[in-house]
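What follows is a set of notes on a single structure, which appears directly below.
Just so it is clear: chains get the letters A, B, ... in the order the sequence lines come, proteins before strands, and each one is counted from 1. We use all heavy atoms of the structure for the numbers below, so side chains are in, but hydrogens, waters and symmetry mates are not. Just so it is clear, the model here is predicted, and its values are computed rather than measured.
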There are 2 protein chains.
Amino acid sequence: MSRRGYGQICGLSRALEIVGERWALLIIRDLLSGPKRFTDLRQGLPRIPTNVLSARLKELEETAVLQRRILPRPATAVVYELTDYGRELDDVLLALGRWGAQSMGDPEVDEVYTRESLMMAMRGSYQGNDGAQAPRDPRSYELRVTGIVISVTVQDGQLGVTEGPQLDPDLVIETGNGLPALLLGQVSPSQAIESGSVRVTGNPELLDEFASTFRV
Amino acid sequence: MSRRGYGQICGLSRALEIVGERWALLIIRDLLSGPKRFTDLRQGLPRIPTNVLSARLKELEETAVLQRRILPRPATAVVYELTDYGRELDDVLLALGRWGAQSMGDPEVDEVYTRESLMMAMRGSYQGNDGAQAPRDPRSYELRVTGIVISVTVQDGQLGVTEGPQLDPDLVIETGNGLPALLLGQVSPSQAIESGSVRVTGNPELLDEFASTFRV
DNA sequence: CTGGATCCCTCACGATACTG
DNA sequence: CAGTATCGTGAGGGATCCAG
């Protein structure tokens, strides 16, 4: 690969030669929610230099993790989308995200939330139906974090996470950077509301349900 | 971390800041089988510069992925061992190894097998009890690849992988670099024996069982 | 002999400017 | 919008050296 390989005949070494370069896994994370354009990726990864983004996209295309596709119709646009092989990394990324979330400290002042990182956080922290108390189903939440809005629904035990506002949600959850502490169980839902780090619109008791449904 | 972070409040970003640096995950892989000394790690990672190994060990200790421990008794020795937190990466590494194994091409001439990469390959490719045909249980194999010898046992559905030879194994499997193709199902066990890429000592039919028990 | 530290060189990455 | 071009910096590669 770009830098000299690891010299081992080993699946893990091979994986790292493909997706171990800086930024690669974050690009893949952002593509998990669907095809994106160069500029979309740039926005989702505010600190990536454009030449590095170019280089990664080229390498990941060569290794069949993603494809470059040209939209033919009205506005001719280039999009990048994961191949089936690339999409197989979904579970690995969710697990790695859960692992890293456990050692998240207080956010630095220059760190930001992005839509894709929030969507991944919700998908990765979803407890399925094996949680202690079964949540009422269906349920829909709208999550607003520092201007980013995503929708989270649970229906028949199936989780759905999409960008944008939710139509008539059961609960609207608005927060600055109090979300990690809530998902990690470092503060209780009631504490979060009392301290003002989380504000809700709707029945506040639903935040308990939310916190037990989504928990790292 | 060492290089400037990714600037995102995100579990995956955090994980990559901790273990995303070059060589880090391979060091962790080698420590999954137990504590190791500096020199052991060097041998398992033939291409790693010693200063990089030093730096990674220091960083991974600061992030609580591993601990440095000094063996007090007879020979005063320094060993590095994973913390519980570090060991939580086991499943992630197995999954990533399976993913990468799918795009392993023919080995380059300067690429080598190592004991830890072999042990991980066997653990990652173990199909448990959900394989089509239930293998006879217990079963023990001795695997010899380019001078490296490991033992693989299956008992009560539990997999055991240890270094060194096996006492009275059901089957001894000896191979050069024909192993990946066998585990990936690119060649059948009988083809592998006929072509000479795999040699067995014991009942050759047991290689079919082996190949269905261990399959990426 | 283990467990590193030090030096030098190269190239990947980071930042920014620029172009079809 | 979708990149390419340029250039400075620092992490990684490789060899050597040193203390306990």
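- A donor-acceptor contact shorter than 3.5 Å is absent between the side chain of Ser151(B) and the backbone of Glu163(B).
- Contact check, Tyr80(B) against dG4(C): a side-chain N or O comes under 4.0 Å of OP1 or OP2.
- For Arg37(A), a side-chain nitrogen or oxygen approaches OP1 or OP2 of dA2(D) to under 4.0 Å.
- Considering only side-chain N and O atoms, Trp23(A) lies nowhere under 4.0 angstrom from the phosphate OP1 or OP2 of dA12(C).
- Without hydrogens or angle criteria, Trp99(A) side chain to Tyr85(B) main chain gives a donor-acceptor distance under 3.5 Å.
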*Treat primed atoms plus P, OP1 and OP2 as sugar-phosphate and everything else as base, then score nucleotides 15-20 of chain D 5' to 3': B for base contact with protein heavy atoms under 4.0 Å, S for sugar-phosphate contact only, - for none.*
B-----
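- The CG atom of Asp170(A) sits 11.5 Å away from atom CD of Glu142(A), with the distance rounded to the nearest 0.5 Å.
- One finds no side-chain N or O of Lys36(A) lying less than 4.0 angstrom from the OP1 or OP2 phosphate oxygen of dC1(D).
- Atom CG of Leu53(B) is separated from atom P of dA11(D) by 17 Å (rounded to the nearest Å).
- No donor-acceptor pair closer than 3.5 Å links the side chain of Ser117(B) to the backbone N or O of Tyr113(B).
- Within the 3.5 Å criterion, the main-chain N or O of Val172(B) finds no donor-acceptor partner in the side chain of Arg144(B).
- Among dA12(C), dG12(D), dG3(D), the nucleotide with an atom closest to any side-chain atom of Glu21(A) is dA12(C).
- The side chain of Lys58(B) contributes no N or O atom lying less than 4.0 Å from OP1 or OP2 of dG3(C).
- Summarising the geometry, the separation between CD1 on Ile48(A) and P on dA2(D) is reported as 15 Å, rounded to the nearest angstrom.
- For the pair Leu57(A) CG and dC13(C) P, the computed distance is 13 Å after rounding to whole Å.
- No more than 12 heavy atoms of other residues, nucleotides or ligands shown are found within 6.0 angstrom of CG on Asp106(B).
- For the pair Leu26(B) CG and dG13(D) P, the interatomic distance rounds to 11 Å; values are reported in whole Å.
- Under 3.5 Å, the side chains of Ser33(B) and Glu116(B) contain a donor-acceptor pair of N or O atoms.
- To the nearest 0.5 Å, atoms OG1 (Thr201(B)) and CG (Leu171(B)) are separated by 7.5 Å.
- Going from atom CG of Asp40(A) over to atom C1' of dA2(D) covers 11 Å, rounded to whole Å.
- With rounding to whole Å, Leu16(A) atom CG is found 17 Å from dA12(C) atom C1'.
- A 4.5 Å side-chain heavy-atom check between Val112(B) and Thr146(B) finds every atom pair outside the cut-off.
- Remark: P of dA2(D) and CZ of Arg69(A) are 14 Å apart, rounded to the nearest angstrom.
- Nucleotide dC11(C) holds its C1' atom 12 Å from the CZ atom of Arg22(B), rounded to whole Å.
- Of the candidates dG14(C), dG3(D), dG12(D), dG3(D) carries the atom nearest the Arg68(A) side chain, counting heavy atoms from C-beta on.
- Along DNA chain D, the nucleotide nearest Ala77(A) and the nucleotide nearest Tyr6(A) are compared for position; the residue whose nucleotide lies closer to the 5' end is Ala77(A).
- Thr39(A) comes within 4.0 angstrom of the backbone, heavy atoms only, and of no base.
- The phosphate of dA15(C) (OP1 or OP2) has a side-chain N or O of Arg4(B) nearer than 4.0 angstrom.
- Consecutive Watson-Crick or G-U pairs involving DNA chain C, each under 3.5 Å on both distances, make up stems of three or more pairs at C:1-19 with D:2-20.
- Of the possible polar contacts, one joining the Arg14(A) side chain to the Ser103(B) backbone as a donor-acceptor pair under 3.5 Å is found.
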